[in-house]
Amino acid sequence: MGFNLHKDLGKLSARDAAERLLGSMLVRETASGSVSGIIVETEAYDQSDKASHTYRGLTNRNYVMFGPAGSSYVYFTYGMHYCVNVVVGPEGMGASVLLRAIEPLTGIELMAFRRLTTDIRKICNGPAKICQAFSINKELNGHDLKKPPLYLELNDPIATKKIVWTERIGIRENKTLLWRACIKDSPFVSRQV
DNA sequence: AGAGCGATGGCCT
DNA sequence: GGCCATCGCTCTA
């Protein structure tokens with residue numbers, strides 16, 4: 001595909017990037033095997049947004065979000081889970097797209113083993129489930145998503161009419177903003193729309 | 001030192 | 001779908 005991850009994502013707003021990433025493929029390689037899937041649900045965050053980790057400026061935790069587009073921003077939550085974002089926009093903008101749900105494509109058996117479930121719809125239907133199924137943790141924070149062992153393959157942009165925008169999940173601030181993007185009618189999203 | 005933050009699984013309806 | 005129990009990191013003080 002003729003897409004340049006860094007260039008493509010670096011030009012977009014968080015919201016546009018959230019839309020752009022739908023339908024793209026995420027691939028993860030480990031010693032126990034490779035897994036992959038299609039991104040079906042995303043959420044946008046940028047520095048103007050009270051719900052964003054970057055709202056209060058640069059910190060030790062969020063510095064990756066101010067770095068180059070196409071990097072992974074991995075954060076720890078609930079004392080037990082990881083979530084993975086794709087950094088987007090020009091450097092310094094402090095924007096990212098949270099990956100919320102993925103349609104499993106390859107390595108399904110390995111993902112099912114890691115997730116302790118065989119229900120394919122429940123393997124990657126949530127941001128922390130993605131990290132568990134894809135074996136993503138803090139070591140991949142700031143990783144360049146053009147390269148193994150974790151990389152993105154941008155797909156053709158999804159037609160706008162196939163995307164549903166809703167309120168983001170699990171946040172306190174800016175709840176009314178419609179910055180959650182889902183592929184319409186996908187059975188693999190974290191919460192049906 | 002302490003408040004704030006939030007995803008999942010299990011249960012139910 | 002809703003309700004509930006579960007925890008440790010991050011930031012500001």
Side-chain angles (χ1 to χ4, degrees), chain A residues 14-15 18 21-22 26 28 30 35 37-67 71-88 92-104 107-143 145 150 164-193:
Chain A
R15 199 173 180 282
L21 284 167
L22 289 182
L26 184 69
R28 167 71 164 135
T30 64
V35 303
I38 300 296
I39 297 167
V40 297
E41 177 183 342
T42 57
E43 283 179 2
Y45 292 88
D46 70 27
Q47 202 179 356
S48 70
D49 169 21
K50 271 191 149 181
S52 171
H53 286 176
T54 51
Y55 181 70
R56 287 176 185 80
L58 184 70
T59 67
N60 207 24
R61 173 227 231 176
N62 68 20
Y63 70 93
V64 167
M65 278 185 72
F66 291 99
S71 312
S72 58
Y73 169 52
V74 181
Y75 68 87
F76 192 64
T77 186
Y78 269 81
M80 56 184 111
H81 302 300
Y82 292 98
C83 297
V84 62
N85 295 248
V86 180
V87 177
V88 300
M93 211 173 81
S96 73
V97 172
L98 172 66
L99 304 185
R100 282 203 52 95
I102 284 179
E103 175 176 345
I108 291 172
E109 210 169 289
L110 177 54
M111 289 194 279
F113 170 74
R114 287 171 177 158
R115 289 274 306 115
L116 303 174
T117 178
T118 51
D119 185 341
I120 190 164
R121 291 162 307 177
K122 293 181 178 170
I123 290 179
C124 296
N125 64 334
K129 295 180 185 181
I130 291 174
C131 287
Q132 199 179 356
F134 278 65
S135 190
I136 294 170
N137 60 32
K138 203 82 199 222
E139 287 170 26
L140 287 164
N141 187 33
H143 172 75
L145 290 170
L150 178 66
V164 187
W165 290 94
T166 72
E167 295 178 9
R168 293 172 295 178
I169 293 171
I171 54 167
R172 291 188 112 66
E173 307 286 350
N174 261 344
K175 275 190 171 176
T176 54
L177 229 46
L178 302 183
W179 279 15
R180 170 179 178 242
C182 297
I183 292 186
K184 191 179 186 318
D185 298 327
S186 169
F188 298 98
V189 298
S190 65
R191 198 184 295 180
Q192 297 302 322
V193 290

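Because the structure is a prediction, the values reported are computed rather than measured.
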Please list residues of residues 107-126 of chain A whose heavy atoms come under 4.0 Å from any atom in DNA chain B, ordered by number; otherwise none.
A:Arg115, A:Gly126
Above 12 or not: heavy atoms from other molecules or residues under 6.0 Å from CZ of A:Phe76?
yes
Sorted by position of nearest nucleotide on DNA chain B, 5' first, the leading residue of A:Arg172 and A:Gln132 is A:Arg172
Test of understanding: with ring-ring contact (aromatic ring centres under 6.0 Å, His included), list the residues that count as partners of A:Phe188, not counting sequence neighbours.
none
Taking only residues at least two apart or on different chains, which pairs with a member in residues 169-186 of chain A satisfy salt bridge (charged side-chain N to carboxylate O under 4.0 Å, His left out)?
A:Glu41-A:Arg180
Under the side chain to side chain contact (heavy atoms under 4.5 Å, CB included) test, which residues partner A:Tyr63, sequence neighbours left out?
A:Leu58, A:Asn141
So which of A:Val97, A:Leu98, A:Leu99 actually passes side-chain contact (heavy atoms from CB on, under 4.5 Å) with A:Asn85?
A:Leu98
Kindly determine whether A:Asn174 and A:Arg168 satisfy side-chain contact (heavy atoms from CB on, under 4.5 Å), including the steps that lead there.
CA-CA 9 Å; A:Asn174 261 344; A:Arg168 293 172 295 178; 3.6 Å; yes
Could you give the side-chain donor-acceptor pairs of residues 121-134 of chain A under 3.5 Å, partners two or more places apart or in another chain?
{"unit_1": "A:Arg121", "atom_1": "NE", "unit_2": "A:Asp119", "atom_2": "OD1", "d": "3.3"}
{"unit_1": "A:Arg121", "atom_1": "NH2", "unit_2": "A:Asp119", "atom_2": "OD2", "d": "3.3"}
{"unit_1": "A:Asn125", "atom_1": "OD1", "unit_2": "A:Lys129", "atom_2": "NZ", "d": "3.0"}
{"unit_1": "A:Asn125", "atom_1": "ND2", "unit_2": "A:Arg121", "atom_2": "O", "d": "3.4"}
{"unit_1": "A:Gln132", "atom_1": "OE1", "unit_2": "A:Arg115", "atom_2": "NH1", "d": "3.0"}
{"unit_1": "A:Gln132", "atom_1": "NE2", "unit_2": "A:Arg114", "atom_2": "O", "d": "3.2"}

With a 4.5 Å cut-off on side-chain heavy atoms, are A:Tyr73 and A:Asn62 touching?
yes
So CD of A:Glu43 and CD1 of A:Ile171: to nearest 0.5 Å the spacing works out to 6.5 Å
Closest approach of A:Trp165 to A:Ala18 (non-hydrogen atoms, all atoms of both residues)
CH2-CB, 4.3 Å
Residues in contact with DNA chain C, drawn from residues 39-62 of chain A - heavy-atom cutoff 4.0 Å:
A:Thr59, A:Asn60, A:Arg61
Distance-minimising heavy-atom pair for A:Ser190 and A:Arg100:
OG-NH2, 3.1 Å
When you measure from every atom of DNA chain C, which of residues 179-192 of chain A have a heavy atom less than 4.0 Å away?
A:Arg191, A:Gln192
Is the shortest heavy-atom distance from the side chain of A:Leu140 to the side chain of A:Arg28 under 4.5 Å?
yes
Applying side-chain hydrogen bond (donor to acceptor under 3.5 Å, both in side chains) to A:Asn137 and not counting sequence neighbours gives none
Positions of residues 79-87 of chain A (non-hydrogen atom under 4.0 Å from DNA chain B), listed by number
A:Gly79, A:His81, A:Cys83
Bounded by its outermost nucleotides with an atom under 4.0 Å from a heavy atom of chain A, the footprint on DNA chain C reads C:dG1 to C:dC11
Please, which pairs that meet salt bridge (charged side-chain N to carboxylate O under 4.0 Å, His left out) have at least one residue in residues 54-65 of chain A, sequence neighbours excluded?
none
side-chain hydrogen bond (donor to acceptor under 3.5 Å, both in side chains) filter on A:Thr118, not counting sequence neighbours, yields none
